[in-house]
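A short write-up of the structure that comes next.
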Amino acid sequence: MRQPLIAGNWKMNLDLASGRSLVEGIRAGLAELTLPAGFEVAVCPPAVYLFPIAGAIDGSSLQLGAQDVFHETGGAFTGELAPAMIAETGARFVIIGHSERRHTIGHLEDDQMINRKVRAALAAGLTPILCVGEMLDEREAGRTFDVLTFQLSAGLIGVELDAPERLVVAYEPVWAIGTGRTATPQQAQEAHAHLRSLLQARFPKHADTVRILYGGSMKPDNAAALIGQPDVDGGLVGGASLKAESFLGIIRAALAAVG
Ligand code: PEP
């Protein structure tokens, strides 16, 4: 059975002191919970804080993730970070293809670049959290499944999966990210079931155990209904991951949903 992963994407928020005290708060809250084996919680701070936050989570069950990675192993790529550099910080996860990198920030990453990043991350022993999701106009035009099929297939070109825990997929409808609008549990389940069926065709041995997270204004009060869906295996959480109480609220809701 799949156990949830709750991953907090801090984006370009917090300073080091507030990141450390957030981790302290999460650690204190987690100490009061009994998570089943396999239930995981991760924080994804800005890259410059990966090393110190690795220190702050030391000795806890918290996992570390990065928000992006470059696809080359080294060289003249000013400002970029190689997968091995990210791995050296102690990070296990790396978010790849977040909608803000696909659509908002000047880089405008395309599926080919995202695929190169996924492969490079895997080669360095990192676990990609591959983000896919439709824009509002694509949903309204009835193209959600086409977009998901294209983005997932393109992101996984040439990927060999030796174990299900080496890959996480995040369904993040772009219209729900940071907007306060959330996909209904039914909309999320439909999208996740579609992604699962694509994984089944691609990795028949592992598809049932790869985790598919939901991301898009997940909060303590909607998390249980979302994570209670059969194919929703946790959350990639933005805004609500910046306060210990709301992040812990989502973790508690996930616990209740799988309980
Ligand atoms: C995200 O950016 O991955 C995200 C889901 O953000 P929010 O929870 O703030 O919508």
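Remember, it's 1-based here, ligands and their atoms both numbered in the order they're listed.
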Exercise for the section: State, yes or no, whether a side-chain contact exists between D15 and Y49 at a heavy-atom distance under 4.5 Å. Expected result: yes
Handout entry: Taking atom 9 (O) of ligand 1 as the reference point, the nearest protein heavy atom with its distance
Key = G239 N, 2.8 Å
Handout entry: R116 side-chain N/O to E72 backbone N/O, donor-acceptor pair under 3.5 Å
Key = no
Problem - Pair Q67, W10: side-chain N/O donor-acceptor within cut-off below 3.5 Å - result: no
Problem - N/O separation below 3.5 Å, E172 to ligand 1 - result: yes
Problem - Side chain, backbone, both or neither: A176 near ligand 1, heavy atoms under 4.0 Å - result: backbone
Problem - For D233, the option from Q3, R196, H192 that meets side-chain hydrogen bond (donor to acceptor under 3.5 Å, both in side chains) - result: R196
Exercise for the section: Tell me which protein heavy atom sits closest to atom 2 (O) of ligand 1, plus the residue, atom name and distance to 0.1 Å. Expected result: K11 NZ, 2.5 Å
Handout entry: Distance filter under 4.0 Å to H98 heavy atoms, resulting ligand 1 atoms
Key = 1 (C), 2 (O), 3 (O)
Exercise for the section: Check the pair E190, F145 against side chain to side chain contact (heavy atoms under 4.5 Å, CB included), reporting the backbone distance first and the verdict last. Expected result: CA-CA 9 Å; E190 282 166 7; F145 284 8; 4.3 Å; yes
Exercise for the section: Examine G178 against ligand 1 and note whether any of their N/O atoms are separated by less than 3.5 Å. Expected result: yes
Completion exercise
min-distance protein heavy atom vs atom 4 (C) of ligand 1 -> G238 N, 3.6 Å
Practice task
Using a strict 4.0 Å cut-off to heavy atoms of S217, name the atoms of ligand 1 that fall inside it.
Solution key: 7 (P), 8 (O), 10 (O)
Problem - R102/D110 ion pair, N-O < 4.0 Å - result: no
Practice task
Please confirm whether the backbone N or O of Q187 pairs with a side-chain atom of T184, one donor and one acceptor, at under 3.5 Å?
Solution key: yes
Problem - Basic-acidic side-chain contact under 4.0 Å: R211, E165 - result: no
Problem - Numbering as shown, the atoms of ligand 1 that approach G215 to under 4.0 Å (heavy-atom distance) - result: 5 (C)
Exercise for the section: Please could you name the atoms of ligand 1 that G216 approaches to less than 4.0 Å, counting only its heavy atoms? Expected result: 5 (C), 10 (O)
Problem - Test item, A240 contacting ligand 1 (heavy atom, 4.0 angstrom) - result: no
